[in-house]
There are 2 protein chains.
Amino acid sequence: MINLNIYTKKLRESGLRPTRQRLKICEVLFSPEKTFHFTVNDLKKIIEEKLSEKISLATVYNTIHAFKKKGYLKEISINSDKSYFDTNTTDHQHFFDEDKSELIDCGDDEIDSINIKRNITGKKIKSIEVLIRVASDNQNQN
Amino acid sequence: MINLNIYTKKLRESGLRPTRQRLKICEVLFSPEKTFHFTVNDLKKIIEEKLSEKISLATVYNTIHAFKKKGYLKEISINSDKSYFDTNTTDHQHFFDEDKSELIDCGDDEIDSINIKRNITGKKIKSIEVLIRVASDNQNQN
DNA sequence: AATTAGATTAAAACAATTCTAAACTGTTGA
DNA sequence: TCAACAGTTTAGAATTGTTTTAATCTAATT
């Protein structure tokens, strides 16, 4: 399998050994042509149901965290009980569909670049995150 | 006390009866000249320590939620274990100081207005939230 | 004052995440 | 190749923020 080396490399670069479970995580995260958004539970389910590999939550969490730290994954800020991750690590923003609790990418060409005219003394900007909340027109918006 | 009527009004408009505990919450939230950011625990502590009023978490939560629903408070999206609220309900954005886990207001004049060039079919934009993460220059940024 | 609808509370329940400790496995070096 | 070690997996326990519950209390209404 051609991808195995790529996965192994990503794992090693993240400070992790390539184990059976972790390679399955890589398969899910890094083989699709398209990037996607997921929660930890989504990922666990995919691995157990589609790839028939038993995996514990702890393993999913520690691998995800290492990838995030290394920059192979991004975490998206939403007020939600769960954490959402994105396999697209390039600079881009998101819509959040409140009806479906689902993230939608917002291309750089779909939003004007953001210009911040202020500095916090002694601090450096680490990231600029934009979240555009959307919901169906006719919805109760409590 | 002049403010009592204002507090009572806000509570009633939020569908709540003005009780001793809730009036204390109002005192904390709505009497300061300046708006501020807080977590539920911050609020509980202030009420118990500064105003010497015993209050249960459940009461804090239900009151905060009613105020949020009514629009008297805003919740800020941060990836954090806790929820952050803002007594400033006008349209504005935030810096998040990762060193101190602290929100800082970003005035409308400090950021260019955001222009989204895309519509999600059948959906309406509910809000546009910008979070600018900052941290001290020399910090390990794991 | 009595009634009632809503509020308060401590404690239990809950859900996401983190931690733990024991069993297991990849890696290294003899 | 194999022993030994360091890192990994796992189930389950612990933790944390938040929500729910059910009993008691209180504000509003009569």
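Labels below follow one simple rule: chain letters A, B, ... track the order of the sequence lines, proteins then strands, and each chain is numbered from 1.
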Rounded distance (nearest 0.5 Å) linking atom [atom1] of [X] with atom [atom2] of [Y]:
{"X": "B:Leu29", "Y": "B:Glu27", "atom1": "CG", "atom2": "CD", "value": "10.5 Å"}
{"X": "A:Gln93", "Y": "A:Glu110", "atom1": "CD", "atom2": "CD", "value": "11.5 Å"}
{"X": "A:Ser83", "Y": "A:Tyr61", "atom1": "OG", "atom2": "OH", "value": "6.5 Å"}

In whole angstrom, what separates [X]'s [atom1] from [N]'s [atom2]?
{"X": "A:Asp42", "N": "C:dA16", "atom1": "CG", "atom2": "P", "value": "11 Å"}
{"X": "A:Asn41", "N": "C:dT18", "atom1": "CG", "atom2": "P", "value": "13 Å"}
{"X": "A:Arg20", "N": "C:dC24", "atom1": "CZ", "atom2": "P", "value": "13 Å"}
{"X": "B:Asn79", "N": "C:dA16", "atom1": "CG", "atom2": "P", "value": "15 Å"}

At a 4.0 Å cut-off to heavy atoms of chain B, the contacted part of DNA chain D spans D:dG17 to D:dA28
A:Gly15 or B:Ser83: which one's nearest nucleotide on DNA chain D is closer to the 5' end?
-> A:Gly15
OP1 or OP2 of C:dT8 under 4.0 Å from side-chain N/O of B:Arg22 = yes
Under 4.0 Å: is that the gap between some side-chain N or O of A:His65 and OP1 or OP2 of C:dT17?
->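 No, outside the criterion.
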When you check the side-chain N and O atoms of B:His37 and B:Asp42, is any donor under 3.5 Å from an acceptor?
->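 No donor-acceptor contact under 3.5 Å links the two side chains.
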With no hydrogens and no angle check, do the side chains of A:Thr39 and A:Asn41 hold a donor and an acceptor under 3.5 Å apart?
->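 A:Thr39 vs A:Asn41: no donor-acceptor pair found between side chains.
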Are B:Phe67 and B:Phe30 near enough that their ring centres are under 6.0 Å apart?
-> yes
Applying salt bridge (charged side-chain N to carboxylate O under 4.0 Å, His left out), run through A:Arg133 and A:Asp97 and close with a yes or a no.
-> CA-CA 6 Å; A:Arg133 292 184 183 272; A:Asp97 179 339; over 6 Å; no
Are B:Lys117 and A:Asp112 within salt-bridge range, i.e. N to O under 4.0 Å?
->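 Between A:Asp112 and B:Lys117 there is a salt bridge, with a charged N closer than 4.0 Å to a carboxylate O.
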Pair A:Arg118 + B:Asp109: basic N to acidic O under 4.0 Å = no
Could you go over nucleotides 27-30 of chain C and give all protein N or O partners under 3.5 Å, atom names and distances?
| unit_1 | atom_1 | unit_2 | atom_2 | d |
| --- | --- | --- | --- | --- |
| C:dT27 | OP1 | A:Arg12 | NH2 | 2.3 |

For residues 44-63 of chain B, which residues have at least one heavy atom under 4.0 Å from DNA chain D?
->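 Listed by number, they are B:Leu57, B:Ala58, B:Tyr61.
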Given side chain to side chain contact (heavy atoms under 4.5 Å, CB included), test A:Phe96 with B:Ser77 step by step and report yes or no.
-> CA-CA 12 Å; A:Phe96 185 65; B:Ser77 293; over 6 Å; no
Would you check if the side chain of A:Thr87 reaches a backbone N or O of A:Phe36 as a donor-acceptor pair within less than 3.5 Å?
->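 Here the side-chain-to-backbone pair exists.
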